[in-house]
Amino acid sequence: MTVPAADLSGLPEHVQRLVTNAGRLPRLRTERPSATARRSAVLILFGEGPAGPDVLLIEKSPHLRSHAGQPAFPGGGADPGDEFPVGTALREAHEEAGVAPDGVRVLAVLPELFLGHSDNLVVPVVGWWDDPREVSTGDPHEVARVARVPLAELVDPANRFRVRISTGYVGPAFGVAGMVVWGFTAALLDSVLAAAGLDRPWDTTDVRPLATPAGGPEPARVRGPGSGAPTDGDDAGSTAAARTVPGP
């Protein structure tokens with residue numbers, strides 16, 4: 001789907017910069033998708049919240065078979081009849097977080113990203129929340145909580161580190177809103193913040209072990225800074241295990 005030229009009037013500079021740079025995602029590279037890849041879309045929804053500029057994240061239910069308890073952007077696989085990718089992203093955001101599609105101004109579609117581990121071809125859709133309302137979890141068996149995370153917290157170097165999981169993957173992470181955001185979502189968020197001109201230097205040598213459920217995802221073919229198998233010379237950083245903390 002082609003998105004018409006977005007009306008950027010009145011939008012914050014960081015959002016305008018991201019839309020201007022929408023043709024590329026810095027610090028991410030992807031491989032050619034497989035013939036069986038499932039089409040998916042996520043919504044990167046910016047807004048002006050009670051604590052300033054923010055972005056919407058959800059936390060998956062701990063009862064799911066895959067991605068259990070993990071923070072993510074609202075999103076999922078395309079359904080028949082969806083106007084992909086925008087229609088998919090808006091539908092999923094409505095189902096998972098109660099976001100009314102008519103309150104979202106769609107600004108850009110970012111380059112597609114192939115996740116080899118899950119055989120998903122993901123298209124990020126950028127939106128601005130013109131009419132923000134109270135967020136709410138949809139099916140509690142799928143979504144545990146919804147959070148409007150201030151951008152100031154995401155770019156704060158004190159909330160940035162890297163995680164290492166048992167498969168050898170090492171990648172960027174954020175400790176915000178009582179959650180540890182990691183994997184594909186963190187790599188994409190790191191790239192988006194860079195494209196928006198918001199990223200700040202942080203300690204990439206702070207690498208923390210992260211316990212993941214059996215079969216947990218690894219963004220094997222979408223790489224962020226410092227990702228890939230660690231070497232013997234890697235600094236393990238803090239020995240405190242990162243974890244997802246349930247919301248109130």
Side-chain angles (χ1 to χ4, degrees), residues 1-4 6-8 11-12 14-19 21-23 25 28 38-49 53-61 67 70-79 81-115 118 120-139 142-151 154 174 176-177 179 181 183-193 195-196 198 219 222:
M1 175 184 179
T2 301
V3 178
D7 176 11
L8 303 181
L11 294 184
H14 64 270
V15 175
Q16 296 191 40
R17 280 193 296 267
L18 175 58
V19 173
N21 296 324
L25 289 173
L28 284 181
R38 184 189 184 199
R39 296 190 308 167
S40 304
V42 297
L43 181 63
I44 304 174
L45 183 58
F46 292 100
E48 187 68 32
D54 60 20
V55 68
L56 187 70
L57 293 178
I58 65 170
E59 185 177 57
K60 299 286 189 179
S61 167
H67 308 285
Q70 292 186 18
F73 293 111
D79 279 355
D82 279 351
E83 192 171 1
F84 182 82
V86 172
T88 301
L90 292 177
R91 175 183 56 76
E92 288 284 344
H94 178 66
E95 293 175 358
E96 295 182 332
V99 175
D102 59 4
V104 176
R105 190 188 330 178
V106 175
L107 302 177
V109 172
L110 302 184
E112 60 188 23
L113 300 166
F114 177 55
L115 280 66
S118 57
N120 268 283
L121 186 64
V122 183
V123 179
V125 176
V126 178
W128 175 259
W129 214 347
D130 274 321
D131 185 18
R133 305 171 189 175
E134 288 293 326
V135 293
S136 60
T137 58
D139 185 346
E142 294 187 8
V143 179
R145 63 180 291 213
V146 180
R148 297 187 64 173
V149 181
L151 298 183
L154 286 166
F174 301 80
V176 292
M179 303 183 291
V181 184
F184 168 75
T185 301
L188 177 55
L189 188 54
D190 176 73
S191 180
V192 165
L193 292 174
L198 292 174
V222 177

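- With hydrogens and angles disregarded, a donor-acceptor distance shorter than 3.5 Å links the side chain of Glu96 to the backbone of Gly75.
- Listed here is the closest heavy atom pair of Ala72 and Thr185: CA-OG1, 3.4 Å.
- Here the closest heavy-atom approach between residue Ala22 and residue Pro111 is recorded as O-CD, 3.1 Å.
- What you find for Val181 and Ala186 is that their closest heavy atoms are O-CB, 3.4 Å.
- Closest non-hydrogen pair, Trp129 versus Gly47, comes out as CB-CA, 4.2 Å.
- Atoms CG and CD, on Leu107 and Gln16 in that order, are 9.5 Å from each other to the nearest 0.5 Å.
- In this structure, NZ on Lys60 lies 9.5 Å from CD on Gln70, to the nearest 0.5 angstrom.
- Separation of atoms CG (Leu110) and CG (Leu28) is listed at 10.0 Å; rounding is to 0.5 Å.
- Rounding to the nearest 0.5 Å gives a distance of 6.0 Å between CG of Leu198 and CZ of Arg17.
- Under the 4.5 Å side-chain criterion, counting only non-hydrogen atoms from C-beta, Phe73 is not in contact with Val122.
- With contacts defined as side-chain heavy-atom distances shorter than 4.5 Å, the pair Thr88/Arg39 does not qualify.
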- Task: Start with the C-alpha distance between Leu11 and Val19, add both sets of side-chain angles, then the distance that settles side chain to side chain contact (heavy atoms under 4.5 Å, CB included), and finish with yes or no.
- Result: CA-CA 11 Å; Leu11 294 184; Val19 173; 6.0 Å; no
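- When every heavy atom of Glu112 is checked against every heavy atom of Leu121, the shortest pair comes out as OE1-CD2, 3.6 Å.
- Of the candidates Val126, Val125, Val55, Val125 is the only one forming a side chain to side chain contact (heavy atoms under 4.5 Å, CB included) with Leu43.
- With a 4.5 Å cut-off on side-chain heavy atoms, Leu113 and Leu25 count as touching.
- Contact annotation: the side chain of Val99 never approaches that of Pro74 to less than 4.5 Å [non-hydrogen atoms, C-beta and beyond].
- Closest approach of Pro132 to Arg148, counting heavy atoms only: CB-NH1, 3.6 Å.
- Interatomic distance, CD of Glu92 versus CD1 of Ile58, reported as 8.5 Å (0.5 Å rounding).
- A donor-acceptor contact shorter than 3.5 Å links the side chain of Asn21 to the backbone of Ala195.
- In this structure the side chain of Phe46 reaches within 4.5 angstrom of the side chain of Leu18, judged on heavy atoms.
- The side-chain heavy atoms of His14 and Leu151, taken from C-beta on, include a pair separated by under 4.5 Å.
- In this structure, Leu57 CG and Ile44 CD1 are separated by 10.0 Å, a value rounded to the nearest 0.5 Å.
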